Asker: 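Attaching a single structure in structure tokens format; questions to follow.
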Amino acid sequence: MVKKDVLQVAILGAGTVGTGVYKVIDHLQDEMEHKIGCGLIISKILVRDASKKRDGIDESLLTDQWNEIIGNPDIDIVVELMGGIEPAKSYIMEALKTGKSVVTANKDLMAEHGKELLDLAEEHGCDLMFEASVAGGIPILRPLKHCLAGNHMSEVIGIVNGTTNFILSKMTEEGCGFEETLKLAQDLGYAESDPTADVEGLDAARKMAIMASIAFHSRVTFNDVYTEGITKITERDIAYAKEMDRVIKLLGVTKNTKDGIEIKVHPMLIDKNHPLASVNDTFNAVFVRGDAVGDVMFYGRGAGELPTASAVVGDILETARHIKNGCTGETGCTCYKHIPIKPISECKSKYFVRLQVEDRAGTLASISSVFGNNHVSIERIAQKQSKNGNAEIVVITHKVKEKDITNSLTILSTMPLVKSVDSVIRVY
Ligand code: NAP
Ligand code: HSE
């Protein structure tokens, strides 16, 4: 037991999440003793510009000097909410080395340097918690590590990016295009002015790498994730999805197979009755499958000031209880296996392919034979529209290997009768 009446927290960053954490901790002051067995106060907040006025935050706590935090032995917990790799990584490492436990929401950092940081935390007997780094307010990492520890997990599927889910939901509801809907998302403050990390699937890939590492007990990093974003999805694809009783979602999919870990982020057509199909707007959801529990789905707000603060404060309070009870550093890295990553070329999926072709006798036969010669079995093929001698063909394949569909499309795109390959979307 640590004999302290009050634990001290330093927050690095007073942006969206930092401000939320400040508010939530402030709101809990009367209950802190009951929750953790002692008081807990924020004693410093690190920002770049300490002279900037920040609504609702006690100015006397602000500093732009890291030394005031790392050099203060009374600070027990460092909460990193600055984002990015540096200086966040160095600050976290310094904090752990001086025996301060750390809470972070930083997916960029945990998806690339998680092992190094968790090993350092273990070495110094500290906690390093990062619940908010995946799916904001949704509890998913601690449930995977603790509540579901009795399972062998086989699959995690997630809608883990609110911006892209909002864009695809709006495109589906209103029938409008990607660029127009991205602009709306930016005007509403959902999408960043530089939306690349969201719309190209990079943000989701980081979250999937973190979840896969925990679910399958084997280290998966951001670079292991095959990633495609939503920028090529068109109104026509959405309309065809509707016609097939499906919706298009940006899904993170990871599976533990006998040939290794499959891990991908890409748009996918899913049946409108699948539980993930009704996760709309900026909401996130994670669907997991374990051998004992079966299917479980987690749903909620994946971002935003208070939802994300909810997860961060949950970690702070858990760390505080550990400090009080003298048991920090007991759940470090849980990656005790070394499972290879399955190459994307070997992963299997059903595909939706949309092509513009010459509208003449033999076209369908020629296309079918290219697919057939490349081991791609067709479930459905239909001619949709015909105009000025060209036709739109829609093909749904059976489950086939990525390399076989890629080879087929490479050949098709060189054939004079194929005018363009407009869409290739996987089907769940
Ligand atoms: P943000 O609004 O951009 O705030 C960043 C804060 O960090 C600012 O207060 C900034 O100071 C401070 N900061 C940045 N670099 C610094 C440096 N070198 N030294 C000192 N202070 C520095 O970011 P956010 O949206 O709160 O996100 C914070 C973290 O939470 C990120 O890792 C993000 O991925 C993660 N996250 C965010 C959300 C969300 O909904 N926003 C959800 C889940 C996870 P100034 O104010 O002086 O510029
Ligand atoms: N940009 C993310 C999203 C939130 O749109 O879900 C932070 O992880």
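All ligand and atom numbering here is 1-based and tracks the order in the structure. Because the structure is a prediction, the values reported are computed rather than measured.
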Asker: Taking non-hydrogen atoms only, is Ser133 closer than 4.0 angstrom to ligand 1 via side chain, backbone, both or neither?
Answerer: neither
Asker: How far is atom 43 (C) of ligand 1 from the closest protein heavy atom, and which atom is that?
Answerer: Thr308 CG2, 3.4 Å
Asker: Which atoms from ligand 2 have a heavy atom of Lys107 less than 4.0 Å away?
Answerer: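 In order of number, 7 (C), 8 (O).
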Asker: Run the salt-bridge test on Glu402 and Lys348 with the 4.0 Å N-O cut-off and return the result as yes or no.
Answerer: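 No, this pair does not count.
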Asker: Which of the listed options, Thr308, Asp198, Leu202, Val160, holds the heavy atom that is closest to atom 1 (N) of ligand 2?
Answerer: Asp198
Asker: Give the numbers and elements of all ligand 1 atoms closer than 4.0 Å to a heavy atom of Lys52.
Answerer: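 Matching atoms, with element in brackets: 46 (O).
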Asker: Find all atoms of ligand 1 within a distance of less than 4.0 Å from any non-hydrogen atom belonging to Pro87, and give their numbers and elements.
Answerer: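 Contacts of ligand 1 toward Pro87, numbered from 1: 18 (N).
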Asker: Closer than 4.0 Å and a protein heavy atom, does any atom meet both conditions relative to atom 3 (O) of ligand 1?
Answerer: no
Asker: Number the atoms of ligand 1 from 1 as they appear, then name those within less than 4.0 Å of a heavy atom of Ala132, with their elements.
Answerer: 43 (C), 44 (C)
Asker: Could you tell me whether Asp203 and Lys107 make a salt bridge, using a distance below 4.0 angstrom between a side-chain N and a carboxylate O?
Answerer: yes
Asker: Look only at the side chain of Thr328 and the backbone of Cys126, and say whether a donor-acceptor pair between them is shorter than 3.5 Å.
Answerer: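 Between the backbone of Cys126 and the side chain of Thr328 there is no qualifying donor-acceptor contact (under 3.5 Å).
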Asker: Can an N or O of Gly18 be found at a distance shorter than 3.5 Å from an N or O of ligand 1?
Answerer: no
Asker: Within the supplied structure, the quantity of interest is the number of heavy atoms (other residues, nucleotides, ligands) at a distance under 6.0 Å from Asn273 CG; does it exceed 12?
Answerer: yes
Asker: Ligand 1 and Val17, any nitrogen or oxygen pair closer than 3.5 angstrom?
Answerer: yes
Asker: Please compare Arg48, Arg54, Glu131 and report which has the shortest non-hydrogen distance to atom 46 (O) of ligand 1.
Answerer: Arg54
Asker: Can you name the nearest heavy-atom pair linking Phe283 to Ile159, along with the distance?
Answerer: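 Nearest heavy atoms, Phe283 then Ile159: O-CG2, 4.0 Å.
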Asker: Between Lys89 and Glu112 (salt bridge meaning N to carboxylate O under 4.0 Å), is one present in this structure?
Answerer: no
Asker: Note the single closest protein heavy atom to atom 28 (C) of ligand 1, along with its residue, its atom name and the distance in Å.
Answerer: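 Nearest protein contact, heavy atoms only, for atom 28 (C) of ligand 1 is Leu81 O, 3.3 Å.
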Asker: Decide whether an N or O pair under 3.5 Å exists between Ala14 and ligand 1.
Answerer: yes
Asker: Can you check whether Gly15 has an N/O within less than 3.5 Å of an N/O in ligand 1?
Answerer: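 Yes; at least one N/O pair falls below 3.5 Å.
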Asker: Considering non-hydrogen atoms of the protein only, which is the closest contact for atom 40 (O) of ligand 1, and what is the distance?
Answerer: Gly304 N, 2.7 Å
Asker: How about Glu192: does its CD atom have over 12 heavy atoms from other parts shown lying under 6.0 Å from it?
Answerer: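 Counting other residues, nucleotides and ligands, CD of Glu192 stays at 12 neighbours or fewer.
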Asker: For Gln186 and Gly189, indicate whether the former's side chain and the latter's backbone hold a donor-acceptor pair under 3.5 Å.
Answerer: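 A pair under 3.5 Å: no.
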Asker: What I want to find out is whether Asp315 reaches Arg142 closely enough, with some N-O distance under 4.0 Å, to be called a salt bridge.
Answerer: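 A salt bridge links Asp315 with Arg142.
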Asker: Write out the residue and atom name of the closest protein heavy atom to atom 31 (C) of ligand 1, then the distance separating them to 0.1 Å.
Answerer: Gly83 CA, 3.6 Å
Asker: Which ligand 2 atoms are under 4.0 Å away from a heavy-atom of Ala303?
Answerer: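 Checking each atom against Ala303, I get 4 (C).
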Asker: Any non-hydrogen protein atom below 4.0 Å of atom 23 (O) of ligand 1?
Answerer: no
Asker: Tell me which protein heavy atom sits closest to atom 12 (C) of ligand 1, plus the residue, atom name and distance to 0.1 Å.
Answerer: Gly13 CA, 3.8 Å
Asker: Between Val47 and ligand 1, find which residue part has any heavy-atom pair under 4.0 Å and reply side chain, backbone, both or neither.
Answerer: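 Both backbone and side chain of Val47 come within 4.0 Å of ligand 1.
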Asker: Heavy-atom distance under 4.5 Å between the side chains of Ile25 and Val21, does that happen here?
Answerer: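 Yes; the side chains approach each other to less than 4.5 Å.
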Asker: Under the ring pair (Phe, Tyr, Trp, His ring centres under 6.0 Å) criterion, do His274 and Phe287 qualify, and how do the steps go?
Answerer: CA-CA 10 Å; His274 190 285; Phe287 181 90; 5.2 Å; yes
Asker: Please report whether ligand 2 has a polar contact with Thr163, defined as an N or O pair separated by less than 3.5 Å (distance criterion only).
Answerer: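 N/O-N/O distance under 3.5 Å: yes.
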Asker: For Lys324 and Lys4, which heavy atoms make the closest approach, and how far apart are they?
Answerer: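 Nearest pair, atom of Lys324 first, then Lys4: NZ-O, 2.8 Å.
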Asker: Residue-level breakdown please: for Asp203 versus ligand 2, do any non-hydrogen atoms fall below 4.0 Å on the side chain, on the backbone, on both, or on neither?
Answerer: side chain
Asker: Looking at Lys207, which atoms of ligand 2 are within less than 4.0 Å of one of its heavy atoms?
Answerer: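 Per the distance check, 2 (C), 6 (O), 8 (O).
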Asker: Identify whether NZ of Lys or CZ of Arg in Arg426 sits under 6.0 Å from the centre of the six-membered ring of Tyr351 and within 45° of that ring's axis.
Answerer: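 No, a cation-pi geometry is absent between Arg426 and Tyr351.
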Asker: Using a heavy-atom cut-off of under 4.0 Å, does the side chain or the backbone of Glu305 touch ligand 1, or both, or neither?
Answerer: neither
Asker: Looking only at protein heavy atoms, which one is nearest to atom 30 (O) of ligand 1, and what is the separation?
Answerer: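 Ranking protein heavy atoms by distance from atom 30 (O) of ligand 1, first comes Ala105 CB, 3.5 Å.
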Asker: Locate the shortest heavy-atom distance separating Lys145 from Gly332; write the atom from each residue and the value.
Answerer: NZ-O, 3.2 Å
Asker: Can we say Lys384 and Glu243 salt-bridge, meaning some charged N sits less than 4.0 Å from an Asp/Glu carboxylate O?
Answerer: yes
Asker: Measure the distance from atom 34 (O) of ligand 1 to every protein heavy atom, then report the residue, atom name and distance (to 0.1 Å) of the closest one.
Answerer: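 Minimum-distance protein heavy atom for atom 34 (O) of ligand 1 reads Lys107 NZ, 2.9 Å.
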Asker: Of the non-hydrogen atoms in Gly201 and Val265, which two are nearest, and what is the gap between them?
Answerer: O-CG1, 3.9 Å
Asker: What atoms in ligand 2 come closer than 4.0 Å to a heavy atom of Gly162?
Answerer: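 What qualifies from ligand 2 is 3 (C), 5 (O), 6 (O).
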